[in-house]
Novice: 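After the structure tokens below, expect a handful of questions from me.
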There are 2 protein chains.
Amino acid sequence: MKNSQLYKGSLNTIIMKLLEENGRMYGYEITQKVKLITKGELNITEGALYPALHKLEADGLLDVEVEKVDNRMRKYYKLTESGEKETVNRLNELEEFIKNMQSLVSPSPNPDLQF
Amino acid sequence: MKNSQLYKGSLNTIIMKLLEENGRMYGYEITQKVKLITKGELNITEGALYPALHKLEADGLLDVEVEKVDNRMRKYYKLTESGEKETVNRLNELEEFIKNMQSLVSPSPNPDLQF
DNA sequence: CAAATATACATAATTTTCTTATGCATAATA
DNA sequence: TATTATGCATAAGAAAATTATGTATATTTG
């Protein structure tokens, strides 16, 4: 979804967090929201997004409702109960991940270097 | 390298940062260092590490020196000049990535919810 | 008014990255 | 002496993304 590979693996967490926050969203809306929040830095591609949404739905984490708005189809997704619980886990994992990455890149001074 | 897929895509950055910091390291040493820094949370598998090191070397970002210590082989890696430059880029990308993820998961309060 | 852009979904082929499993070899520990 | 630790390596497969298409309607722009 981006030239920097760092975002690999974070798409599901992003989707679930946005749905937790906004109640229900449709695919295109998610891409635009992410673009907005990241100031254009993260552009989720359709090839990544739609398969991800389908998988989350297949896994029972999302429910879908199809609606026609302005003569165009929209598939609104929202978290299931199971999805809400899982979102909590994913966000905790993300927090741990960020902490770990920060430990790795901004390490506390190395005792080995003291003499 | 971990059950949480969030780490996908971050291995190269981790390797390069550790090498920037420590001058030179060998593969096994990297796995142990990461385990230590992340308090056991992140265990880099050999199946991920060694191919990654080989690719970084092939891309001209790392140099390798083979040594025998205690009758066991060690392959010490260090950043090339090009690798040092690239490390700066990767670390900037990581910083941006973390900021973006934090924006996504700890958003400023949603005006829509105010009434 | 025609062409381009935006909105909205979908999937198939390929690539990248990682997991899992395996293999070889030496040293240290239980 | 068997297991664990140290140290490297690769192959098969899975997971997640990129890239490239495809369909369709609405809106904007030249």
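Protein chains get the first letters and strands the later ones, always in sequence-line order, with residue 1 at the start of each.
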Novice: Please round to the nearest 0.5 Å and tell me the distance separating atom NZ of Lys17(B) and atom OG of Ser10(B).
Specialist: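 Lys17(B) atom NZ to Ser10(B) atom OG measures 14.5 Å (nearest 0.5 Å).
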Novice: Sequence neighbours excluded, which residues qualify as side chain to side chain contact (heavy atoms under 4.5 Å, CB included) partners of Lys35(A)?
Specialist: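 Per chain and number, Lys35(A) pairs via side chain to side chain contact (heavy atoms under 4.5 Å, CB included) with Gln32(A), Asn43(A).
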Novice: Specify the separation, in whole Å, of atom CD of Gln32(A) and atom C1' of dA6(C).
Specialist: 9 Å
Novice: Starting from C1' on dC8(D), measure out to CD1 on Ile30(B) and report it in whole angstrom.
Specialist: 13 Å
Novice: Of the options dA9(D), dC9(C), dG7(D), whose atoms approach the side-chain atoms of Tyr26(B) most closely?
Specialist: dG7(D)
Novice: Expected output is a numbered-order residue list: members of residues 51-58 of chain A with a heavy atom under 4.0 Å from any atom of DNA chain C. What is it?
Specialist: Pro51(A), His54(A)
Novice: Which atoms of nucleotides 1-5 of chain C (N or O only) lie under 3.5 Å from a protein N or O atom, and what are those distances?
Specialist:
none

Novice: Suppose we screen for side chain to side chain contact (heavy atoms under 4.5 Å, CB included). Which residues come up paired with Thr87(A), at least two apart in sequence or across chains?
Specialist: Met16(A), Glu20(A), Leu79(A), Leu91(A)
Novice: Give every residue pair that meets the ring pair (Phe, Tyr, Trp, His ring centres under 6.0 Å) criterion with at least one member in residues 59-89 of chain B, sequence neighbours excluded.
Specialist: Tyr26(B)-Tyr76(B)
Novice: So, taking the atom named CG in Leu104(B) and the one named CG in Asn100(B), what distance separates them when rounded to the nearest 0.5 Å?
Specialist: 6.5 Å
Novice: Please determine if a side-chain N or O atom of Tyr50(A) lies less than 4.0 Å away from the OP1 or OP2 oxygen of dC9(C).
Specialist: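 Yes, because at least one side-chain N or O of Tyr50(A) sits under 4.0 Å from OP1 or OP2 of dC9(C).
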Novice: Taking for each residue the nucleotide of DNA chain D with the nearest heavy atom, is it Arg74(B) or Asn12(A) whose nucleotide lies nearer the 5' end?
Specialist: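 Checking each residue's closest nucleotide, the 5'-ward one belongs to Arg74(B).
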Novice: Look for any protein N or O under 3.5 Å of an N or O in nucleotides 19-24 of chain D and output each such pair with its distance, or none.
Specialist:
none

Novice: Atom OH of Tyr7(A) and atom P of dA17(D): how far apart are they, to the nearest Å?
Specialist: 13 Å
Novice: Nearest whole Å is fine: how far is dT16(C) C1' from Leu6(A) CG?
Specialist: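 For the pair Leu6(A) CG and dT16(C) C1', the rounded distance is 14 Å.
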Novice: Report yes if at least one side-chain N or O of Lys75(A) is closer than 4.0 Å to OP1 or OP2 of dA10(C); otherwise report no.
Specialist: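 Yes.
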Novice: Looking at residues at least two apart in the chain, or sitting in another chain, which of them share a ring-ring contact (aromatic ring centres under 6.0 Å, His included) with Phe97(A)?
Specialist: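 Result, ring-ring contact (aromatic ring centres under 6.0 Å, His included) vs Phe97(A): Tyr7(B).
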Novice: If you look only at distance, which donor and acceptor atoms sit under 3.5 Å apart when one is on a side chain in residues 50-66 of chain B and the other is two or more places apart or in another chain?
Specialist:
from     : atom 1 : to       : atom 2 : distance (Å)
His54(B) : ND1    : Tyr50(B) : O      : 3.3
Lys55(B) : NZ     : Asp59(B) : OD2    : 2.9
Glu65(B) : OE1    : Arg24(B) : NH1    : 2.8
Glu65(B) : OE2    : Lys78(B) : NZ     : 3.1

Novice: Would you mind reading off the distance between Asn43(B) atom CG and dT20(C) atom P, rounded to a whole angstrom?
Specialist: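 Computing the Asn43(B):CG to dT20(C):P distance gives 12 Å.
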Novice: So, using side-chain hydrogen bond (donor to acceptor under 3.5 Å, both in side chains) as the criterion, who are the partners of Asn89(B) when residues are at least two apart?
Specialist: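 side-chain hydrogen bond (donor to acceptor under 3.5 Å, both in side chains) check on Asn89(B) returns Glu86(B).
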Novice: To the nearest Å, how far apart are Leu49(A) CG and dA12(C) P?
Specialist: 17 Å
Novice: Given a cutoff of under 4.5 Å between side-chain heavy atoms of I, L, V, M, F, W and Y, with clusters grown through shared members, what are the other residues clustered with Val88(A)?
Specialist: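 Via sub-4.5 Å side-chain contacts, Val88(A) links to none.
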Novice: Are Asn71(B) and dA27(C) close enough that a side-chain N or O sits under 4.0 Å from OP1 or OP2?
Specialist: yes
Novice: Rounding to a whole Å, what distance do you find between Tyr76(A):OH and dC9(C):C1'?
Specialist: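 It is 14 Å, rounded to the nearest whole Å.
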Novice: Take atom CD in Glu81(A); do more than 12 heavy atoms of anything else shown fall under 6.0 Å from it?
Specialist: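 12 or below, so no.
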Novice: How many whole angstroms separate atom CG of Leu11(A) from atom C1' of dA15(D)?
Specialist: 13 Å
Novice: Does Gln5(A) have a side-chain nitrogen or oxygen under 4.0 Å from the phosphate oxygens OP1 or OP2 of dT16(C)?
Specialist: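 Negative; the distance criterion is not met.
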Novice: Mind checking side chain to side chain contact (heavy atoms under 4.5 Å, CB included) for Glu96(A) and listing every partner two or more places apart, or none if nothing turns up?
Specialist: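 So Glu96(A) forms a side chain to side chain contact (heavy atoms under 4.5 Å, CB included) with Lys99(A), Glu41(B).
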Novice: Members other than Val69(B) in its cluster, when Ile, Leu, Val, Met, Phe, Trp, Tyr link by side-chain heavy atoms under 4.5 Å?
Specialist: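 Its cluster mates, by chain and number: none.
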